[in-house]
There are 2 protein chains.
Amino acid sequence: MTSPQTEKQFLKTYNIHDYDLPLVSVDIAIFSVIDDKLNVLIVKRAQHPRKGKWALPGGFINLSVDKTIDDAAHRKLAGKTGVTNAHLEQVVSVGNSTRDPRGWSVTIAYMALVSVDAVVLKKDDSSEEVVWTPVDRLSKNHNLAFDHSKILESCHKRLKDKVRYTSLPVNLLPPDFTLTELQRIFEVILAKSVEKKSFRRRILDAQILEETGNFRGGSTRPAKLYRVTDNKTNHFFTRNIEGTR
Amino acid sequence: MTSPQTEKQFLKTYNIHDYDLPLVSVDIAIFSVIDDKLNVLIVKRAQHPRKGKWALPGGFINLSVDKTIDDAAHRKLAGKTGVTNAHLEQVVSVGNSTRDPRGWSVTIAYMALVSVDAVVLKKDDSSEEVVWTPVDRLSKNHNLAFDHSKILESCHKRLKDKVRYTSLPVNLLPPDFTLTELQRIFEVILAKSVEKKSFRRRILDAQILEETGNFRGGSTRPAKLYRVTDNKTNHFFTRNIEGTR
DNA sequence: AGAATAGTGTCTGTCAGACATTATGAC
DNA sequence: GTCATAATGTCTGACAGACACTATTCT
C-alpha cells in the first residue's frame with residue numbers, strides 16, 4: 001500500500017513489539033548525613049541478576065503504575081524509606097548494551113536528599129537488606145552491582161558541585177536546625193572546614209532561613225533554631241564557597 | 001520449581017518480551033549562533049506520528065547499531081550535520097505515558113554546540129526539511145511536535161546557566177576567533193551586553209585561550225586571533241558573569 | 001571563675017562592573 | 001588629521017576568607 005496514510009491509520013498498525021527495545025529502570029542514590037559522614041542507602045539484591053550483591057535502590061519502570069519517570073523514582077524512594085517529599089533530582093541517564101546481563105538497558109539515575117530521622121527503612125521482596133553506608137567506603141571501589149559504583153560517583157559529584165553554589169544541603173537536615181549543624185553538613189560534603197563567619201553571612205544574607213524563635217540548649221550557650229523559608233530550599237549563590245584547608 | 005536458581009539459569013529463562021517496555025529515543029537541541037542570534041536545528045518530520053510537523057532531530061535507539069546512548073546521540077547529530085566532534089552534553093530525560101501516541105516513551109535529551117560553518121545540513125528519510133531557526137521564535141510557543149518545545153526550553157536553560165559560569169560557548173565558534181567575537185556569543189546567549197574589560201580579564205586570566213599569532217583585519221585596528229588551549233574547552237569560573245542591563 | 005559553644009566586628013583579597021583612555025588600522 | 005574598532009588603566013563594589021573578639025550557658 002503506497003497511498004498516504006493518516007496518523008490514525010499509522011497508529012492502528014503500529015506495534016511496539018515489532019522493535020527491539022531497551023530495558024528501562026530508575027536508580028536512586030539516597031543521601032543523608034549520619035554521624036558527620038555522608039551516607040548512601042544500599043540494598044542487598046534478593047533477586048537475580050546479581051542476587052546477593054549490594055546495589056542502589058531502583059528497578060524497572062512499571063508502565064501501568066508510573067505515569068512518569070519521576071513517579072517511578074518517587075515510588076522507589078518511598079518504597080525503601082517511607083519518605084514522600086524529599087528533594088529528588090535527576091542526575092544522569094546511562095544506557096548501553098553491557099551494563100545489564102538481561103540486555104540493552106537504560107537507567108535514569110536520581111539523587112535524593114533526606115534527613116535520616118525522617119526515614120523508616122523497609123525491605124521488600126526485591127531486597128533482603130537495606131542499610132546506610134558511608135559513601136567514602138564505596139565510591140571508588142567496585143563494590144556495587146552493575147555499574148552502580150559509577151552511578152553513585154556521578155550523584156556524589158553532583159552533590160559536591162552543588163554544595164559549593166547552592167543551599168541544597170538544607171534538605172539533609174530535619175525541619176529545625178542550628179547554623180552550626182547546617183555548617184557541619186556543608187563541611188561533611190565539601191570534606192573541608194568552613195569559616196564560621198563567612199558561612200553565616202552567606203546563608204543569612206541569602207534570606208533563605210527564618211528563626212523559629214526556639215533554641216537548642218546544651219551545656220553551653222543555646223543556639224538559635226532556624227527553618228527554611230517556604231520554597232527557598234534551593235538558593236543559587238553567585239559565588240562559590242570553597243572552604244579552608 | 002522452588003529450588004534456588006543460579007544467575008545463569010535465571011538469564012536463560014528471562015525473556016524481555018514478557019514485560020511491557022517504554023519506547024526509548026534520543027533528541028538533540030543542536031545550537032549555533034547565526035547573525036547574532038541563537039539558533040537551533042529543527043527538522044520537518046517525514047514519518048508518522050506528527051508527520052509534517054517540526055521537531056528536534058532525534059529518534060529511537062538502534063540496539064544493533066548503538067553501543068551506548070551517547071553513541072545514539074552522536075549518530076543523530078552526525079546524521080543531520082555531518083559534525084562528529086562537537087560538544088555534546090546530556091541535559092535531561094523525560095518519560096511518561098502521554099508524550100508519544102505510540103505508547104509510554106522515554107527520551108534522553110542532549111544539547112550540542114556547533115560552529116555553523118562546520119555544519120552541512122542533511123535530510124534523510126525521517127526528515128523532509130532541516131533548517132536553522134532562531135530559538136526566540138520557538139521557545140515559549142508550542143510550535144514543535146511532541147513535548148519538544150519543553151525539551152528545547154530545558155536545553156536552552158542549561159545553556160543560559162552555563163554561559164554564566166563556564167567557558168562552554170567557545171564551542172559555538174570556529175577554531176580561530178577574536179575576543180570580540182567570543183564576547184558577542186556570550187552576549188547573545190545572556191541576552192545582555194557584557195562589559196568589555198571584565199570579559200577579557202575573565203577569559204584571559206582563566207588561561208583557556210592561546211594566541212594564534214594571526215590577526216583578523218577589517219578596515220580598523222586588526223584583532224588578535226585566539227584558539228582554545230587543548231582540552232580547556234569547559235573551564236568553570238568561581239564567580240558568575242552577570243552582564244549589564 | 002573556667003570551659004565550651006554561639007555569635008559578631010572588621011580587615012584583607014579576589015574578581016566583576018564601570019568607564020575613561022590609549023593604540024592601531026583604513027581613508 | 002578623522003573614524004572605527006582593539007586593547008588597556010584604574011577605580012569601585014560585592015562578597016568570601018581570616019581571625020580576634022564578645023556573649024551566654026553550665027559546672
Side-chain angles (χ1 to χ4, degrees), chain A residues 36 162-167 169 173 176-187 189-226 235-245, chain B residues 36 162-167 169 173 176-187 189-226 235-245:
Chain A
D36 283 351
K162 281 209 160 181
V163 72
R164 295 192 307 144
Y165 59 88
T166 76
S167 62
L173 286 170
D176 292 9
F177 51 85
T178 69
L179 286 181
T180 304
E181 288 163 356
L182 183 58
Q183 180 177 336
R184 202 67 202 104
I185 297 281
F186 275 75
E187 290 177 331
I189 301 171
L190 273 173
K192 276 185 181 178
S193 64
V194 168
E195 211 289 319
K196 182 165 54 167
K197 185 65 198 296
S198 341
F199 180 77
R200 286 160 180 258
R201 200 174 34 206
R202 182 176 167 97
I203 297 293
L204 261 16
D205 288 358
Q207 306 227 256
I208 55 182
L209 302 184
E210 56 191 23
E211 304 183 5
T212 66
N214 298 322
F215 291 80
R216 170 108 70 228
S219 66
T220 65
R221 174 172 175 177
K224 277 186 183 166
L225 283 169
Y226 291 84
H235 178 81
F236 284 72
F237 298 94
T238 59
R239 248 167 105 170
N240 290 350
I241 197 176
E242 290 300 341
T244 66
R245 254 180 311 146
Chain B
D36 282 351
K162 282 210 159 181
V163 73
R164 294 192 308 144
Y165 58 88
T166 76
S167 61
L173 286 169
D176 292 8
F177 51 86
T178 70
L179 285 181
T180 304
E181 288 163 356
L182 183 59
Q183 179 176 339
R184 204 63 204 108
I185 297 281
F186 275 76
E187 290 176 332
I189 300 172
L190 273 173
K192 276 185 181 179
S193 64
V194 167
E195 210 289 320
K196 181 162 57 167
K197 185 64 199 296
S198 343
F199 180 77
R200 285 161 180 256
R201 200 173 35 205
R202 182 177 166 96
I203 297 290
L204 261 15
D205 288 359
Q207 306 227 256
I208 55 183
L209 302 185
E210 56 190 24
E211 304 182 5
T212 66
N214 299 322
F215 291 79
R216 171 108 68 225
S219 68
T220 66
R221 175 172 173 176
K224 277 185 185 169
L225 283 168
Y226 291 84
H235 178 82
F236 285 73
F237 297 95
T238 59
R239 270 167 85 167
N240 289 351
I241 197 175
E242 291 300 339
T244 66
R245 252 179 310 144

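Below, chain A is the first sequence line, B the second, and so on; all start at residue 1.
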Does anything in residues 199-221 of chain A come within less than 4.0 Å of DNA chain D? Heavy atoms only, and list the residues if so.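 Correct list: A:Arg201, A:Arg202, A:Gly218, A:Ser219, A:Thr220, A:Arg221.
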Take atom [atom1] of [X] and atom [atom2] of [N], then tell me their distance rounded to the nearest Å.
X: A:Leu190; N: D:dG17; atom1: CG; atom2: C1'; result: 14 Å
X: A:Phe186; N: D:dG17; atom1: CZ; atom2: C1'; result: 16 Å
X: A:Ile241; N: D:dA18; atom1: CD1; atom2: C1'; result: 14 Å
X: B:Arg184; N: D:dA6; atom1: CZ; atom2: P; result: 12 Å

Please tell me which of the listed nucleotides, D:dA18, D:dG17, D:dG9, lies nearest to the side chain of A:Glu242?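 For A:Glu242, the side-chain atoms sit closest to D:dG17.
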Could you pull out all residues at least two apart from B:Asp205 that satisfy salt bridge (Lys or Arg N to Asp or Glu O under 4.0 Å)?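 Scan of B:Asp205 (salt bridge (Lys or Arg N to Asp or Glu O under 4.0 Å), adjacent residues dropped) gives none.
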If the condition is salt bridge (Lys or Arg N to Asp or Glu O under 4.0 Å), which residues does B:Lys196 pass it with, not counting sequence neighbours?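 B:Lys196: no salt bridge (Lys or Arg N to Asp or Glu O under 4.0 Å) contacts found.
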side-chain contact (heavy atoms from CB on, under 4.5 Å) partners for B:Thr244, two or more places apart: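 side-chain contact (heavy atoms from CB on, under 4.5 Å) check on B:Thr244 returns B:Ser193.
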Opening and closing nucleotides of DNA chain C in contact with chain B, under 4.0 Å to non-hydrogen atoms: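 In short, chain B contacts DNA chain C from C:dT14 to C:dA26.
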Report the residue (B:Leu179 or A:Gly243) whose heavy-atom-nearest nucleotide on DNA chain D is the more 5′ of the two.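 Nearest-nucleotide comparison on DNA chain D picks B:Leu179.
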Pair up each side-chain donor or acceptor in residues 179-187 of chain A with any protein partner under 3.5 Å, not counting sequence neighbours, and list the distances.
from, atom 1, to, atom 2, distance (Å)
A:Thr180, OG1, A:Arg200, NH2, 3.4
A:Glu181, OE1, A:Thr178, N, 2.9
A:Glu181, OE1, A:Arg216, NH2, 3.0
A:Glu181, OE2, A:Arg216, NE, 3.0
A:Glu181, OE2, A:Arg216, NH2, 3.0
A:Gln183, NE2, A:Glu187, OE2, 3.2
A:Gln183, NE2, A:Val194, O, 2.9
A:Arg184, NE, A:Asp36, OD2, 3.2
A:Arg184, NH1, A:Glu187, OE1, 2.8
A:Glu187, OE2, A:Val194, N, 2.9

For the side chain of B:Lys224 and the base of D:dA7, is some donor closer than 3.5 Å to an acceptor across the two?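 Donor-acceptor pair under 3.5 Å: no.
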